[in-house]
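Okay, so here's the structure we're looking at.
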Amino acid sequence: MPELPEVESICRMLRDRICGRMVSDIEVMLPRIIRRGRLEDIIGSKINSVFRRGKFICFEMDNNLRMFAHLRMTGTFLWRNDLTSTPSHVRVEIKLDNGCLLYRDVRTLGGIWVVKDGYTPWKRLGIDPLDGGFTPEELQLRLHDRRIAIKQALLDQSLIAGIGNIYASEVLWNAGIHPTRSAATLNIEETTRLRNSIVEILSSSLASGGTTFRDFQLSDGRDGAFQDLLKVYAKEGLPCLKCRSAIRRIVQAQRSTYFCSVCQQ
DNA sequence: CCAACGTCCTGCGTGC
DNA sequence: TGCACGCAGGACGTTG
């Protein structure tokens, strides 16, 4: 499940390959992946820039067109210099003048939007954790009136944009905060710890993203080096790395949460 | 406004 | 062995 570090890593690697290149052809194998607009409209366009907004990827074209992509659970972009060996589950092919960009998505929950005005595929997008404005005070401001569990608040993209289910558990363990705590009950010390854990974990994961995705084999996040950095996610029953007590798993809002009931209060 | 829940989708692991 | 079932979860629409 690509979260901020994975999506940012993908953007950075796509940038070198496709910026300045022209779209020569399009093939859509699964039409419902295209959520808005017609992908064929970008044929003949040159790609000016690639950037990330939360977990969305934005491709900016030279003729006022934009293509957004969201990878959801299993989406990924693969680069091929030629199409001699096509991987499975490729839903969209975007042929450029120097190779081919493949959108691969096993569970097909992801989507692509093609727009020409100021339309964005998101409703409300919260602050980016790697943005300079993401201060403890800013986080406190966004959490102080939320009575939902802090774990759920971290997953709310309209509050903070980019954290997914894996890093939500990791961040709370790092900050020593219990996942079921109401977001509004965090004091400024705890909020500061949480803010620092978010920045630290996302940054370090991003830093190791380069090695994870070398050869442009971008995976769904479970296959990469990030797996080795995880401290609690999917570690139920294993000893906590701080206190050795067993990591527990609970379900919050139909999603798994992993935590240490001793270290996290 | 907030909060909770259903929906979409397929590969894989489990149990009988 | 084969099959049915449940689980994984991101974002949005609907409902309360």
Side-chain angles (χ1 to χ4, degrees), chain A residues 1-8 10-11 28-37 52-58 68-77 87-92 102-113 115 119-129 140-172 179-186 198 202 205 218-224 226-227 230 232-237 247-259:
Chain A
M1 49 229 62
E3 305 181 28
L4 186 153
E6 290 82 2
V7 176
E8 179 64 30
I10 290 170
C11 278
V28 178
M29 288 76 129
L30 188 63
R32 61 179 161 77
I33 290 292
I34 313 301
R35 306 298 179 87
R36 185 185 178 95
R52 176 188 60 81
R53 287 288 178 269
K55 299 179 212 169
F56 288 88
I57 301 173
C58 179
F68 291 98
H70 197 295
L71 309 175
R72 288 286 186 103
M73 297 299 298
T74 55
T76 189
F77 280 102
S88 60
H89 303 104
V90 172
R91 312 304 185 183
V92 171
L102 307 178
Y103 177 70
R104 179 177 190 264
D105 192 344
V106 172
R107 277 188 248 169
T108 73
L109 291 172
I112 290 174
W113 295 255
V115 302
Y119 176 91
T120 57
W122 54 79
K123 300 293 286 183
R124 289 198 316 275
L125 213 49
I127 190 167
D128 194 292
Q140 179 91 322
L141 191 66
R142 288 168 182 266
L143 296 180
H144 83 277
D145 60 344
R146 293 310 196 102
R147 284 181 293 182
I148 54 173
I150 184 61
K151 158 66 161 27
Q152 291 170 248
L154 290 177
L155 293 178
D156 187 337
Q157 303 298 297
S158 69
L159 295 176
I160 309 166
I163 299 174
N165 203 48
I166 294 174
Y167 290 114
S169 285
E170 294 296 314
V171 156
L172 288 170
T180 62
R181 286 271 302 279
S182 165
T185 66
L186 268 62
I198 292 170
L202 294 182
S205 296
L218 313 177
S219 69
D220 66 3
R222 290 189 182 196
D223 304 324
F226 292 144
Q227 176 90 348
L230 301 179
V232 287
Y233 184 82
K235 308 280 188 194
E236 184 179 18
I247 295 299
R248 292 180 51 195
R249 184 186 85 97
I250 57 173
V251 175
Q252 296 179 276
Q254 285 95 327
R255 291 173 180 86
S256 291
T257 303
Y258 299 87
F259 71 105

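So that the names make sense, note that chain A is the first sequence line, chain B the second, and so on, each numbered from 1.
Relative to the side chain of A/Val106, the nucleotides C/dA11, B/dG11, C/dC12 differ in distance, and B/dG11 lies closest. Residue A/Phe56 has its side chain nearest to C/dC12 when only B/dA3, C/dC12, C/dG10 are considered. You'll find that the side chain of A/Arg249 is closest to C/dA8, out of C/dG10, C/dA8, C/dC12.
Positionally, the nearest nucleotide of DNA chain B for A/Arg72 lies more toward the 5' end than for the other of A/His89 and A/Arg72. Nearest-nucleotide mapping onto DNA chain B: of A/Gln254 and A/Arg124, the residue sitting toward the 5' end is A/Arg124.
C/dA8 atom C1' lies 9 Å from atom CG of A/Asn165, rounded to whole Å. The separation between A/Leu154 atom CG and C/dG10 atom P is 12 Å, rounded to whole Å. A straight line from CD of A/Gln252 to C1' of B/dA3 spans 14 Å, rounded to a whole angstrom. Look at OH on A/Tyr233: it is 8 Å from P on C/dA8, rounded to the nearest Å. The interatomic distance linking A/Arg36 (CZ) with C/dA11 (C1') rounds to 16 Å, in whole Å.
A/Arg32 comes within 4.0 angstrom of sugar-phosphate atoms only, judged by non-hydrogen atoms across all strands, and of no base. Looking at heavy-atom distances under 4.0 Å, A/Arg142 makes no contact with the nucleic acid at all.
Distances shown here put every side-chain N or O of A/His70 at or beyond 4.0 Å from the OP1 or OP2 atom of C/dG10. Considering only side-chain N and O atoms, A/Gln157 lies nowhere under 4.0 angstrom from the phosphate OP1 or OP2 of C/dG10. The side chain of A/Ser256 contributes an N or O atom lying less than 4.0 Å from OP1 or OP2 of C/dA8. Put simply, A/Arg147 has no side-chain N or O that comes within less than 4.0 Å of OP1 or OP2 on B/dA4. OP1 or OP2 of C/dA11 has not a single side-chain nitrogen or oxygen of A/Lys123 nearer than 4.0 Å.
For A/Arg248, the CZ atom is loosely surrounded, since the number of other residues' heavy atoms within 6.0 Å does not exceed 12. Heavy-atom contacts from other residues, nucleotides or ligands closer than 6.0 Å to CZ of A/Arg35 number more than 12.
At a threshold of 4.0 Å, the pair A/Asp105-A/Arg72 does not count as salt-bridged, since none of the basic side-chain nitrogens sits closer than that to a carboxylate oxygen.
Below the 3.5 angstrom threshold, one finds a donor paired with an acceptor across the side chain of A/Arg107 and the base of C/dA8.
With hydrogens and angles ignored, the 3.5 Å screen pairs a side-chain donor or acceptor of A/Glu170 with a backbone N or O of A/Val232.
Between the side chains of A/Thr74 and A/Arg107, no donor-acceptor pair of N or O atoms lies under 3.5 Å.
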